[in-house]
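To start, the structure itself, in structure tokens.
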Amino acid sequence: MAEREYDIVIIGGGPAGLAAGLYAARGMHRTVLLEKGVVGGQISLTELVENYPGVPTVNGFDLAQTMLKQSESYGMETEYVDVTGVERAGQKWRVRTGAGDFIGKAVIVTAGAEYNRLGVPGEERLTGKGVSYCATCDAAFFRDMEAAVIGGGDAAMDEGLFTTRYVSKATVIHRRDELRASRILQERAFANEKMSFLWNTVVEEVLGDEQVTGVKLRNVVTGETSEMPLSAVFIFIGQHPNSGFLDGLVEMDAGKHAIVDEWMRTKQPGLFAAGDVRQNSARQVASSVGDGVTAAIAADHYITDTFRE
Ligand SMILES: Cc1cc2nc3c(=O)[nH]c(=O)nc-3n(C[C@H](O)[C@H](O)[C@H](O)COP(=O)(O)OP(=O)(O)OC[C@H]3O[C@@H](n4cnc5c(N)ncnc54)[C@H](O)[C@@H]3O)c2cc1C
């Protein structure tokens, strides 16, 4: 299959990739963005974004489409392909896809991450309608309502505590009889009067038609089932970055996030990683956009220095 040559190849069309594409293309680099699904990434699943500075309230899909149009207006090309590998091609990089290879002087990986799902009926259908994987993003929509927080690790406690700024009650539902979270977070959670705990319990179904109205529960010890009425379900049972195609190529942390420096550089010259796929991302649209911009500027410097004629 034919290979196509670009200055900058961007892998992943979420906020980080779209922002990188804008800066790369506007910087007069021949730029292609490769996306395997829907442009916008995680944000395309979100009904309302209220915390992107300068845009008071916007539908996630619409925000992503506006970003895409802006980047394409400066010449960024978009290809809908699944990236399967990245490897060196002399001084450049080869990005492998099912639709042929893309060669780039620099590659910016913005493949993002996916939240682990419970995999129960109602969860997918009600995502963005009461089911959430991000309290920082969505807790404010549930002021004075009751919510469930699923999980027992640091993220569940940290985000669960955040929900109590808004909700009237947050019930932590955990499949074991103790938390995995650090002691300090456990102490804060136990001391918070809005938080209560339901042990040895799993969610079997998220209930509701247009919006979440409750959850169906099962006690894993007694087998007893019950229903709990509530308006929101915040799920924190882990997250996995889409970094499999970088295995063995870049340094990663234990959770498989790419390790980068403050310019989003991996240790491989010309290979950058930005947004939720990188270690220590703040996991927000605004921070991912900032990462993408940083990576594009760093890639521009790298190309200028390395490929000077
Ligand atoms: C339901 C939900 C609601 C949220 N609400 C908010 C909010 O209100 N405010 C906020 O600031 N943040 C919110 N977030 C978080 C925010 O969406 C993420 O932090 C942000 O989208 C991360 O951007 P990203 O570009 O790094 O990655 P992503 O958005 O994950 O995008 C990565 C893209 O890469 C593509 N990709 C992955 N692998 C490949 C491959 N092999 N080949 C080609 N393409 C690939 C994916 O299909 C995806 O489109 C929310 C997240 C979720 C899940």
Side-chain angles (χ1 to χ4, degrees), residues 9-22 32-65 67-68 71 78-86 95-99 102 107-117 123-124 126-141 159 232-236 239-247 256-258 260 264 272-296:
V9 179
I10 299 168
I11 305 173
L18 291 164
L22 172 64
V32 66
L33 179 137
L34 310 178
E35 168 56 51
K36 71 171 179 181
V38 179
V39 163
Q42 293 170 59
I43 208 64
S44 58
L45 300 172
T46 314
E47 192 77 10
L48 282 183
V49 177
E50 288 191 329
N51 55 4
Y52 189 64
V55 186
T57 303
V58 64
N59 171 276
F61 183 80
D62 293 345
L63 177 62
Q65 289 301 311
M67 288 183 184
L68 177 66
S71 304
T78 310
E79 295 288 340
Y80 291 91
V81 291
D82 190 350
V83 171
T84 52
V86 178
V95 177
R96 292 204 181 274
T97 80
F102 292 79
V107 170
I108 303 176
V109 179
T110 49
E114 282 165 37
Y115 288 91
N116 295 341
R117 319 254 153 178
E123 180 184 15
E124 197 180 330
L126 292 164
T127 293
K129 295 169 181 153
V131 172
S132 170
Y133 304 85
C134 176
T136 319
C137 313
D138 296 332
F141 297 121
E159 300 260 342
V233 184
F234 291 95
I235 301 168
F236 306 107
Q239 186 236 30
H240 54 279
N242 298 315
S243 59
F245 57 85
L246 295 176
D247 270 348
K256 295 250 173 199
H257 300 90
V260 293
M264 307 298 138
F272 303 81
D276 280 14
V277 77
R278 76 158 170 107
Q279 188 185 38
N280 296 334
S281 160
R283 296 181 194 164
Q284 294 294 291
V285 178
S287 59
S288 300
V289 161
D291 274 11
V293 170
T294 304

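Note that the coordinates shown come from a computational prediction; the quantities given were computed from them, not determined experimentally. Worth knowing before you read on, the calculation uses all heavy atoms, side chains too, and leaves out hydrogens, waters and symmetry mates. Remember, it's 1-based here, ligands and their atoms both numbered in the order they're listed.
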Part of [X] within contact of ligand 1 (heavy atoms, under 4.0 Å):
X: A113; answer: backbone
X: V83; answer: both
X: L34; answer: backbone
X: Y52; answer: neither
X: N242; answer: side chain
X: A111; answer: both

query: Between P15 and ligand 1, is there a nitrogen or oxygen pair with a distance under 3.5 Å?
result: yes
query: Any N or O on Q284 sitting closer than 3.5 Å to an N or O of ligand 1?
result: yes
Atoms in ligand 1 with a heavy atom of [X] nearer than 4.0 Å:
X: V81; answer: 42 (N), 43 (C)
X: G41; answer: 29 (O), 31 (O), 48 (C), 49 (O)
X: G275; answer: 26 (O)
X: D82; answer: 40 (C), 41 (N), 42 (N)
X: D276; answer: 18 (C), 19 (O), 22 (C), 26 (O)
X: F245; answer: 41 (N)
X: R283; answer: 15 (C), 19 (O)
X: G112; answer: 27 (O), 28 (P), 30 (O), 32 (C)

task: Establish, for the pair R283 and Y133, whether the NZ or CZ atom is under 6.0 angstrom from the six-membered ring centre and no further than 45 degrees off its axis.
output: no
Show me the donor-acceptor pairs, under 3.5 Å and distance only, between side chains in residues 56-65 and residues at least two apart or in other chains.
unit_1	atom_1	unit_2	atom_2	d
N59	OD1	F61	N	2.9
N59	OD1	D62	N	3.1
N59	ND2	E47	O	3.2

S132 touching ligand 1 at heavy-atom level, < 4.0 angstrom: no
query: Would you say V38 contacts ligand 1, with heavy atoms under 4.0 Å as the rule?
result: yes
Under the ring-ring contact (aromatic ring centres under 6.0 Å, His included) test, residues paired with F102 that sit two or more places apart: none
- prompt: Name the one of V285, I43, L22 that satisfies side chain to side chain contact (heavy atoms under 4.5 Å, CB included) with M67?
  reply: V285
- request: Specify the closest pair of heavy atoms between N51 and T136, including all atoms of both residues, with the distance to one decimal.
  value: ND2-O, 4.0 Å
- line: Among non-hydrogen protein atoms, atom 53 (C) of ligand 1 lies closest to Q42 OE1, 3.6 Å
